Every structure is written in C-alpha cells, then in structure tokens.
> 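I have a structure I would like to understand better, so I am pasting it below and will then ask my questions one at a time.
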Amino acid sequence: MPASRFRVLFSDIGGVLGTNGWDGPLRRRIVAHFGLDFEDIEARHHLMFDTYERGFLSFEDYLRHVFFAAPRAFTVADLRDYTYAQSVAWPDMIDFYRRVKRANGLKLALISNEGAGITEHRIGKFGLRDLADFMVISHFVHMRKPDHAIWRLALNLAQATPEESIYVDDREMFTLVAAELGFTAVRHTSLEDTAARFRDLGLAVE
C-alpha cells in the first residue's frame, strides 16, 4: 500500500457519483413532463428549498407546497416517483472510489446537500451503504454546504484533520470553501481528470 499523508477521502454525491437528486434541469424536465409553469414553480421552490434541504420538511410536504398550489391532474406520489426515477448512478465512478479507497487504505465519507426522501432513495439505488464508511447529509444534520460546520462535523466524525483529507465536489464554490478550511480540494469534472489529480497527489488509482 503506497505511503500517503491522506487518511480520508470526502466526496459529494450528486455530480460525482451520479446525477443530482434535485436541481434546476430536473425541475425543468418535471415542468415539461407535467405541463406546469416553470417560473411559478421556481418562485415557490426558492421559498421552501432551504427549509427542506436542512431537514425540516419531508419531500412530500415540500412537493405539496411547491407544486400543488392549484389542483393538478397528477398526485404527489406521481411527482415523487418521477423524480426518483431520474436519479442515475455512475457505476464507473463508484467503482473508481472503491478501488482508490482499497488501494490507499482510505476512509470514504460522503458530504451532501440532499433532502429527505431523495437521500434515502439514492443511498439504496446507488449502493452507497456498501461504499462509504459514513455520510453527512444535510437533512440529517440540519446544516448544508457551504456552512463551514458541515465540513467540521465530518472531520470530527472521521477524527481527521483537513491536512489529512481530500474533498471532491463538482461545484467550484464548494471546493473553494473546502480549500479555505484546509482540505486538499478537487473539483470533479470527469473520472479521468479526477484520477489524474489523485495521481498527482500520490494516490494509487488502479
């Protein structure tokens, strides 16, 4: 096993290990699929989303507030199930993390902004219980990136320092905040680019 100063690999989920659980492009697909007005939905979404993603609303209650201000020809369950079906895992990236974790003796922890319902569905669908040593998910801990506290909580749970830790995210803002906290931050754009960055950091990636 190669020598490395790193003990823990921290990573986002959406945009790294699979598609995002809930984002603007997905809401646009939902609006098109169900024949809704995007601007109306977005206005309601922005009023409710922080409360939802911090764990103070169920997914069903969030959907009711945002999508059901008027009578609809579909149900909350229809909308929820459509949303869940849009989540797609990226097996190559998941397998890459599994190999890197094993080859370098790293712990793997996931730090993600995701709300109730979506999280549990994706953890099962992506097989994340078998991949990660632990997860820090916004709706469980009532804080979300870019709150510094969510990264500090993850470090405390891992009993690791930022200098011993890598953080991977597809969102540049979050990698910048992690870097300010002392993490070695990697912005994920592709498996190939992340593998090259890991090699530069002295990790075995095969």
Side-chain angles (χ1 to χ4, degrees), residues 10-91 93-94 109-132 134-151 153-154 157 167-175 177 188:
F10 294 96
S11 179
D12 187 26
I13 298 174
V16 179
L17 298 176
T19 56
N20 288 320
W22 190 253
D23 60 9
L26 173 55
R27 288 192 298 280
R28 287 191 179 277
R29 293 199 300 275
I30 288 171
V31 163
H33 181 79
F34 289 99
L36 306 175
D37 178 79
F38 182 74
E39 296 305 322
D40 176 62
I41 296 303
E42 283 297 281
R44 294 176 181 279
H45 158 76
H46 287 297
L47 292 173
M48 302 301 300
F49 186 64
D50 187 73
T51 296
Y52 164 62
E53 202 166 64
R54 288 183 187 274
F56 300 106
L57 278 178
S58 70
F59 189 41
E60 288 78 6
D61 284 342
Y62 163 82
L63 292 177
R64 288 188 191 97
H65 284 294
V66 174
F67 288 89
F68 290 86
R72 304 298 190 193
F74 54 91
T75 67
V76 170
D78 293 333
L79 183 51
R80 180 199 62 209
D81 293 347
Y82 179 86
T83 299
Y84 287 174
Q86 305 310 300
S87 279
V88 178
W90 296 338
M93 193 65 199
I94 291 170
L110 304 176
I111 307 175
S112 181
N113 289 352
E114 291 195 358
I118 291 174
T119 298
E120 292 86 347
H121 173 76
R122 286 157 62 81
I123 286 171
K125 188 173 185 178
F126 292 10
L128 300 182
R129 293 185 189 90
D130 296 329
L131 178 70
F134 67 91
M135 307 175 207
V136 181
I137 310 293
S138 62
H139 89 86
F140 290 121
V141 300
H142 306 313
M143 60 185 85
R144 60 195 288 263
K145 298 175 290 186
D147 299 348
H148 288 188
I150 196 168
W151 279 286
L153 173 60
L157 291 172
Y167 178 70
V168 181
D169 203 302
D170 64 308
R171 296 182 185 269
E172 183 179 24
M173 177 188 292
F174 295 156
T175 60
V177 174
H188 177 77

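Remember, predicted model here, so these are calculated numbers, not experimental data. Throughout, numbering of the chain's residues begins at 1 and tracks the sequence.
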> For the CG atom of L36 and the CZ atom of F74, what is their distance to the nearest 0.5 Å?
4.5 Å
> Picking from D12, V168, L110, what satisfies side-chain contact (heavy atoms from CB on, under 4.5 Å) with L17?
L110
> Show your working on side-chain contact (heavy atoms from CB on, under 4.5 Å) between R29 and H33 and close with a plain yes or no.
CA-CA 6 Å; R29 293 199 300 275; H33 181 79; 6.0 Å; no
> Under the ring pair (Phe, Tyr, Trp, His ring centres under 6.0 Å) test, which residues partner F38, sequence neighbours left out?
none
> If we only count heavy atoms from C-beta on, is the W90 to T19 side-chain gap below 4.5 Å?
yes
> Please lay out, stage by stage, how Y62 and H45 fare under the test side-chain hydrogen bond (donor to acceptor under 3.5 Å, both in side chains).
CA-CA 8 Å; Y62 163 82; H45 158 76; 2.6 Å; yes
> Tell me if the aromatic rings of W22 and Y52 count as close, with their centers under 6.0 Å from one another.
no
> Any side-chain heavy-atom pair from F49 and N113 closer than 4.5 angstrom?
no
> Let me see the working for F34 and F67 under ring pair (Phe, Tyr, Trp, His ring centres under 6.0 Å), right down to the final yes or no.
CA-CA 10 Å; F34 289 99; F67 288 89; 8.1 Å; no
> Does T119 reach the main-chain N or O of A116 with its side chain, forming a donor-acceptor pair under 3.5 Å?
no
> Test of understanding: with ring pair (Phe, Tyr, Trp, His ring centres under 6.0 Å), list the residues that count as partners of H65, not counting sequence neighbours.
none
> Run the salt bridge (charged side-chain N to carboxylate O under 4.0 Å, His left out) check on D147 and R144 step by step: do they pass?
CA-CA 6 Å; D147 299 348; R144 60 195 288 263; over 6 Å; no
> Distance check, rounded to the nearest 0.5 Å: L79 atom CG versus I30 atom CD1?
5.0 Å
> Quick one: list whatever passes ring pair (Phe, Tyr, Trp, His ring centres under 6.0 Å) with H188, sequence neighbours left out.
none
> Using the side-chain contact (heavy atoms from CB on, under 4.5 Å) definition, which of the options I111, V136, V177 pairs with K145?
I111
> Of the non-hydrogen atoms in R122 and G14, which two are nearest, and what is the gap between them?
NH2-CA, 3.5 Å
> Any chance CZ of R171 has more than 12 other-residue heavy atoms, nucleotides or ligands included, within less than 6.0 Å?
no
